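First comes the structure, then the notes that go with it.
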Amino acid sequence: MDYKFNEIEKKWQKFWAENGTNEVAIDKNKPKYYVLDMFPYPSGVGLHVGHPLGYIASDIFTRYKRLKGFNVLHPMGYDAFGLPAEQYAIQTGQHPAITTDQNTKRYREQLDNIGFAFDWSRQVRTCDPDFYKWTQWIFMQLFNAWYNNDTDKAESIDTLISRFKTSGSQGINAVCDEETKSFSADEWTAMSSEKQQKELLKYRLTYLSEAVVNWCPQLGTVLANDEVKDGFSERGGFPVEQKKMLQWSMRITAYADRLLKGLDTIDWPEPVKEMQRNWIGRSEGASVKFKLEADSDSEIEVFTTRLDTIFGATFLVLAPEHELVAKITTDGQKAEIDAYQVKTKAKSERDRMTDVKTVSGAFTGAYAINPMNGEKVPVWIADYVLAGYGTGAVMAVPSGDERDYRFAKHFDLPIIQILDTQNNLEAEADPTKEGHYVNSDFINGLTYKDALPVLVAKLEELSAGKAKINFRLRDSIFARQRYWGEPVPVYFNNGLPQLIEEKELPLLLPDVDKYLPTESGEPPLARAEGWKYHGEFEYELSTMPGWAGSSWYWYRYMDARNDNEFASREAIDYWNDVDLYIGGSEHATGHLLYSRFWNKFLKDMGYVNEEEPFKKLINQGHIQGRSNFVYRVIGTNQFVSYGLKSQYGIQVLHVDVNIVQNDILDIDKFRKFLPEYADAEFILEDGKYHCGHEVEKMSKSKYNVVNPDDIIEQYGADTLRMYEMFLGPLEQSKPWNTNGISGVSNFLRKFWNLFFDEKGNFNVSDVTPEKAELKSLHKIIQKVQEDVERFSFNTSVSSFMICVNELTALKCNKRAILQDLVITLSPYAPHITEELWSLLGNEKGSLLKASYPVFKPEYLVEDSFEYPVSINGKVRMKLNLSLTLEPAEVEKVVLESADVQKHLDGKSPKKVIVVKGRIVNVVI
RNA sequence: GCUCUGGUGGUGGAACUGGUAGACACGCAGGACUUAAAAUCCUGUGACCCUUACAGGUCGUGCGGGUUCGAUUCCCGCCCGGAGUACCA
């Protein structure tokens with residue numbers, strides 16, 4: 001019987017779906033394991049061959065763990081709110097929900113074709129009201145919470161209110177807005193409820209604030225940072241302005257420290273952790289206040305990580321946008337400062353970042369007083385100081401900082417040496433911390449380590465500042481002026497945001513006539529007719545950003561159909577957290593950071609158990625496109641093969657990779673590929689047309705997109721699964737190249753043939769297996785176990801090939817061997833193994849409930865070993881010796897052997913190293 | 001610039017804690033089957049030298065050093081590729 005993969009695969013996919021084979025339920029008798037894939041955005045183009053790479057790996061892991069006795073949760077769903085569907089809606093008027101439905105259906109078909117063991121009964125889609133109901137609910141919890149620095153966790157806003165009632169704002173150590181009021185308990189009680197609400201908004205973990213957004217007037221919408229390229233919209237190329245808008249934000253900065261520390265407790269790839277560390281950007285230093293010479297009531301606060309260099313500070317620099325600039329600028333300098341500010345505004349953010357070399361700035365005319373020595377220093381503005389970082393002001397120490405140095409040289413400002421080890425200050429700054437201080441008043445002669453505490457103490461004594469830890473992390477804006485997202489469950493009463501009632505959830509996304517902003521620039525939701533809270537109050541018109549739903553979805557899978565809670569206590573206590581999370585590293589500072597933030601918040605509020613949501617993370621590499629090219633002789637319809645192209649004037653054209661195999665063009669298919677090629681002629685090399693190739697992004701326009709459905713049609717899903725793994729290590733990026741796929745396909749056929757005789761009859765014997773057969777089997781049992789547990793899937797595919805080659809050579813058709821091999825292979829190739837499993841007489845669909853075979857090392861024990869014998873580290877010969885021989889005996893035999901004697905040439909060896917069962921090295 | 005990665009045959013890649021470099025597969029070459037081709041099967045395949053053959057030798061894991069009986073693996077310095085990030089004070 002031939003291996004008819006198409007029939008077999010369809011048959012078992014149907015069986016699994018009809019019998020709910022892959023559905024799981026809480027089972028307290030088994031240990032749980034949670035394997036999660038980052039859920040996809042269902043785009044209109046469908047899956048290409050690169051998307052399933054991670055899913056295949058996680059599927060193998062899931063099936064393996066099930067065989068090992070774990071109860072494995074392995075769900076899938078869709079991150080279904082997003083821009084492409086909305087953009088399509090704008091163009092066509094088609095409701096994004098319809099597009100999304102179509103796309104998810106298509107994705108589902110494609111995923112099903114690959115034979116994944118997902119529990120589809122738990123599917124979630126972030127755009128479904130019964131899902132986003134809970135996204136809104138979490139938003140409400142955040143609104144009703146504040147962050148208490150004393151307990152270092154979020155608490156209900158009620159605890160804050162009751163403290164306000166009893167003792168006012170005194171002793172409150174919260175993460176909050178800058179300008180909070182101080183008030184007594186009486187003052188609080190005397191406040192109008194409106195005033196109280198306003199005050200509380202400054203503490204809530206989600207709050208309204210003025211924030212700068214990328215506004216594109218032509219598109220009439222706000223764009224995310226990655227949709228803006230060089231100051232223009234990526235789509236359409238329209239100019240983008242910075243605009244201040246009242247926006248919802250999330251106080252993620254409250255968790256900065258915990259997000260940083262938590263990284264040390266999780267098993268994630270180092271690059272991702274590093275990216276998060278940089279993103280959070282913790283730096284230790286001090287804030288220092290410089291009083292203004294002209295007005296000693298005003299001061300400029302700077303942040304520095306080098307307080308020790310303060311005696312070398314010869315000027316201050318403010319960001320051009322700094323709020324004090326207008327106030328301190330002298331009349332004489334006003335024109336210059338204004339001009340500079342205008343110039344800065346005109347520069348795009350990107351220009352400001354890339355053009356690092358050009359020094360520019362302007363003097364405000366004002367002076368400030370260095371609190372340490374009373375020296376007066378000029379105050380400048382310059383665009384190398386960023387308004388958004390630290391306090392937007394720096395003390396410039398040209399001798400120690402390269403940028404300050406360039407600035408000082410350019411504007412001829414003084415440069416003071418502060419450490420005796422600093423050298424070459426005529427040419428460049430020297431940021432050293434070595435040596436002893438000079439020109440530094442009371443720290444002269446001290447080292448860095450000794451000086452720092454002295455300076456901090458002095459600073460506090462003068463109340464001119466304090467040691468401070470600064471973070472780069474900013475609160476994240478939590479609103480988009482878009483249609484296709486979760487509505488924010490808030491309405492406005494007298495301009496004050498109010499939550500809707502919990503029982504009114506979900507707040508459904510209303511229908512609109514068009515998916516564009518209104519004439520007056522309000523978000524699309526403003527178009528919804530009669531959409532008012534209780535028919536009276538204006539709803540929030542922004543929707544939530546793309547990362548809202550993905551910041552908690554893994555909990556929903558635990559109890560996806562629950563109408564009363566986001567997940568039941570029982571489900572959360574059982575499934576707890578994600579043991580293995582597989583996805584791309586592009587989410588390092590977005591999704592993966594927000595998820596950790598929400599998870600910590602939910603933990604603080606007692607809804608979940610773990611501080612960290614994803615114990616282990618693996619980044620699968622990307623599958624890149626591999627394009628093929630043909631070479632047309634200019635002005636003709638002749639195509640010249642790759643090796644001969646240099647002899648002609650040619651034009652390079654992409655050709656569909658699906659009509660090229662091993663870089664050889666299928667000429668007949670090529671003639672049909674495009675009408676203009678129907679009469680193409682060819683200049684061949686050894687009778688074949690060789691194509692050129694290059695690695696590029698997989699994209700339609702490059703004709704290098706490979707659809708998994710096509711591969712499955714031609715080779716089968718099991719081959720696709722194994723081939724994607726065979727391609728190389730999971731974490732590595734690699735171009736898709738079908739050059740080797742026939743090897744995997746051959747392997748599966750060879751495997752199949754083990755079970756059939758020459759006439760094609762199923763033929764498995766019950767004879768007791770030979771030692772060699774058992775050895776083959778147990779080698780693979782051990783190897784797959786080791787490989788899967790270290791996520792080295794490519795190496796087990798090779799080992800399967802070796803095993804089947806060995807068993808084929810042994811003509812092994814013994815049940816005792818083959819049945820265990822079927823189980824071992826089943827995570828990789830579930831369809832063929834399920835078929836053979838049932839042919840072996842097992843109950844249909846019971847393969848997943850089988851147990852992984854127990855590895856017995858005794859089958860691998862050898863009584864002899866072929867020792868490689870090296871002379872001076874070079875292998876010269878091999879000697880087959882009994883493994884019972886002790887090193888001394890091995891040495892004796894080796895030295896007596898004729899070959900070694902020849903090399904010794906009468907001399908006696910300097911040294912002989914014998915590693916039992918490994919190697920012998922004779923040093924002469 | 002900084003951080004993280006990686007560099008092994010014609011190609012994808014093996015080599016788990018220092019112990020036979022190149023497993024497995026593709027490709028290529030030769031052969032078998034076939035009227036022929038495809039498919040399939042068998043053999044060979046790191047480079048170079050030597051040899052009729054058997055065999056043997058030299059060089060080889062980006063480059064240069066080091067540690068070691070022994071280094072793709074460990075240490076130091078450099079070169080190149082990929083990813084991330086950046087006037088972060």
Side-chain angles (χ1 to χ4, degrees), chain A residues 269-275 277-279 281-283 285 302-307 309 313 316-317 319 352-359 382-386 388-397 400-404 406-407 431 470-472 585-586 588-589 619 621-622 624 662-664 693 695 723 726-729 731-735 737-747 749 783 786-787 789-790 792 794-805 866-878 909-915 917-924:
Chain A
E270 199 47 47
V272 174
K273 288 196 194 182
E274 200 58 30
M275 272 186 251
R277 282 189 196 107
N278 291 338
W279 193 260
R282 182 189 141 104
S283 61
V302 303
F303 176 74
T304 178
T305 52
R306 290 296 301 273
L307 182 60
T309 64
L316 299 189
V317 187
R352 240 176 109 169
M353 284 192 287
T354 40
D355 185 17
V356 176
K357 287 274 136 31
T358 326
V359 178
D383 63 8
Y384 82 85
V385 176
L386 304 177
Y389 183 77
T391 59
V394 303
M395 61 175 212
V397 183
D401 183 278
E402 193 201 327
R403 294 152 304 171
D404 296 345
R406 271 203 306 268
F407 196 83
N470 194 47
F471 291 94
R472 198 182 81 105
S585 59
E586 64 273 22
T589 51
N619 294 131
H622 284 155
Q624 298 145 302
N662 288 337
D663 293 334
I664 306 295
H693 62 88
V695 174
Y723 185 60
F726 187 61
L727 232 35
E731 295 93 332
Q732 211 167 292
S733 285
K734 53 233 154 186
N737 185 345
T738 43
N739 286 358
I741 199 167
S742 59
V744 174
S745 158
N746 283 346
F747 155 75
R749 224 181 22 249
K783 181 76 168 129
E786 281 173 6
D787 284 352
E789 272 161 27
R790 63 191 171 107
S792 174
N794 56 325
T795 49
S796 16
V797 178
S798 302
S799 306
F800 278 122
M801 290 174 173
I802 295 169
C803 176
V804 166
N805 287 346
E866 188 163 62
Y867 278 94
V869 178
S870 33
I871 309 291
N872 290 336
K874 276 204 176 95
V875 179
R876 295 294 170 177
M877 71 208 75
K878 289 181 182 164
K910 276 196 198 135
K911 199 173 181 182
V912 180
I913 288 108
V914 179
V915 182
R918 282 255 150 148
I919 201 170
V920 179
N921 190 11
V922 181
V923 184
I924 300 177

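Given the structure is predicted, the values throughout are model-derived calculations rather than measurements. Chain identifiers are assigned alphabetically (A, B, ...) following the order of the sequence lines, protein sequences preceding nucleic acid strands; residue numbering begins at 1 within each chain.
- Atom pair A:Phe407:CZ and B:A89:C1' shows a separation of 14 Å (rounding to whole Å applied).
- Note on A:Arg277: every side-chain N or O is 4.0 Å or more away from OP1 and OP2 of B:C4.
- Contact between the side-chain N/O atoms of A:Lys734 and the OP1/OP2 oxygens of B:G12 is not found at any separation under 4.0 Å.
- Taking atom P in both B:C76 and B:C28, the straight-line distance is 44 Å, to the nearest Å.
- With C1' as the reference atom, B:A21 and B:A47 are 14 Å apart, rounded to whole Å.
- Atom name C1', nucleotides B:G60 and B:C49: the rounded distance is 14 Å, in whole Å.
- Spacing of C1' atoms, B:G6 relative to B:U73, comes out at 15 Å, to the nearest Å.
- Nucleotides B:C16 and B:C50 are separated by 36 Å at their P atoms, to the nearest Å.
- Taking the side chain of A:Arg403 as heavy atoms from C-beta on, and the options B:A25, B:G84, B:C88, the nearest nucleotide is B:C88.
- A donor and an acceptor atom, one from each side chain of A:Asn470 and A:Ser283, are nowhere located under 3.5 Å apart.
- Nearest heavy-atom pair, A:Arg918 versus A:Pro868, reported as atom, atom and distance to 0.1 Å: O-CD, 3.3 Å.
- Atom-to-atom, CD1 of A:Ile871 to P of B:G57 comes out at 11 Å; the value is rounded to the nearest Å.
- Closest approach to the A:Ser283 side chain among B:G57, B:A89, B:A23 is made by B:A89 (side chain taken as heavy atoms from C-beta onward).
- Spacing of P atoms, B:U61 relative to B:G10, comes out at 13 Å, to the nearest Å.
- Atom-to-atom, NZ of A:Lys273 to P of B:U5 comes out at 12 Å; the value is rounded to the nearest Å.
- Between the CG atom of A:Leu386 and the C1' atom of B:C88 there is a distance of 7 Å, given to the nearest Å.
- Looking at the side chain of A:Asn805, the nearest of the listed nucleotides B:G57, B:A25, B:A89 is B:A25.
- Secondary-structure annotation of RNA chain B gives the stems B:1-7 with B:79-85, B:10-12 with B:24-26, B:27-32 with B:40-45, B:46-49 with B:56-59, B:62-66 with B:74-78, with a stem taken as at least 3 successive Watson-Crick or G-U pairs whose two distances both fall under 3.5 Å.
- Comparing A:Glu274 and A:Gly390, the nucleotide of RNA chain B nearest to each residue sits closer to the 5' end for A:Glu274.
- In this entry the base of B:G7 is anti relative to its sugar, with a glycosidic angle more than 90° from 0.
- Of the candidates B:C4, B:C26, B:A89, the closest approach to any side-chain atom of A:Glu270 belongs to B:C4.
- The residues A:Glu786 and A:Arg790 are annotated as not salt-bridged, no charged nitrogen and carboxylate oxygen being separated by less than 4.0 angstrom.
- Remark: A:Phe726 pairs with no residue by the ring-ring contact (aromatic ring centres under 6.0 Å, His included) rule, at least two apart or across chains.
- Listed nucleotides B:U58, B:C24, B:A86 differ in distance to A:Arg472; the shortest reach to its side chain belongs to B:A86.
- The distance between atom CE of A:Met275 and atom P of B:U5, rounded to the nearest whole Å, is 11 Å.
- Rounded to an integer number of Å, the gap from A:Phe471 CZ to B:C88 C1' is 14 Å.
- With B:A89, B:C26, B:C87 as the choices, the nucleotide that has an atom nearest any side-chain atom of A:Arg406 turns out to be B:C87.
- A:Thr795 and A:Ser792 form a side-chain donor-acceptor contact under 3.5 Å, judged by distance and modelled atom types alone.
- Remark: the separation of the P atoms in B:G46 and B:G82 is 31 Å, to the nearest Å.
- A:Phe726 comes within 4.0 angstrom of a base, heavy atoms only.
- For A:Tyr389, the ring-ring contact (aromatic ring centres under 6.0 Å, His included) test picks out no residue, with sequence neighbours left out.
- The closest side-chain heavy-atom distance from A:Ser870 to A:Arg876 is not below 4.5 Å.
- Residues forming a side chain to side chain contact (heavy atoms under 4.5 Å, CB included) with A:Glu731 (at least two apart in sequence, or on another chain): A:Ile618, A:Pro729.
- If you take CD of A:Gln624 and P of B:G6, they are 16 Å apart, rounded to a whole angstrom.
- Residues passing the ring-ring contact (aromatic ring centres under 6.0 Å, His included) test with A:Phe747, sequence neighbours excluded: none.
- Residue contacts for A:Ser742: at a heavy-atom cut-off of 4.0 Å it reaches the sugar-phosphate backbone alone, with no base atom in range.
- Side-chain nitrogen and oxygen atoms of A:Asn737 include none within less than 4.0 Å of the OP1 or OP2 phosphate oxygen of B:C26.
- Look at CD1 on A:Ile741: it is 16 Å from C1' on B:G27, rounded to the nearest Å.
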- Message: Within the 4.0 Å limit for protein heavy atoms, which parts of nucleotides 14-20 of chain B are touched? Write it as a string from 5' to 3', B for base, S for sugar-phosphate only, - for none.
- Response: SS---BB

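- Residue A:Val394 places its side chain closer to B:A89 than to any other of B:A89, B:U3, B:C24.
- Where A:Lys911 and A:Gly743 each meet RNA chain B at their nearest nucleotide, the meeting point lying more 5' is that of A:Gly743.
- Comparing the C1' positions of B:C33 and B:U72 gives an interatomic distance of 43 Å, to the nearest angstrom.
- Considering only side-chain N and O atoms, A:Arg876 lies nowhere under 4.0 angstrom from the phosphate OP1 or OP2 of B:G56.
- Proximity of A:Met395 to A:Val317: side-chain heavy atoms (C-beta onward) are nowhere separated by under 4.5 Å.
- Within the 3.5 Å criterion, the main-chain N or O of A:Asp401 finds no donor-acceptor partner in the side chain of A:Arg406.
- Counting all heavy atoms, side chain and backbone alike, A:Val915 lies closest to A:Tyr867 at O-CE2, 3.8 Å.
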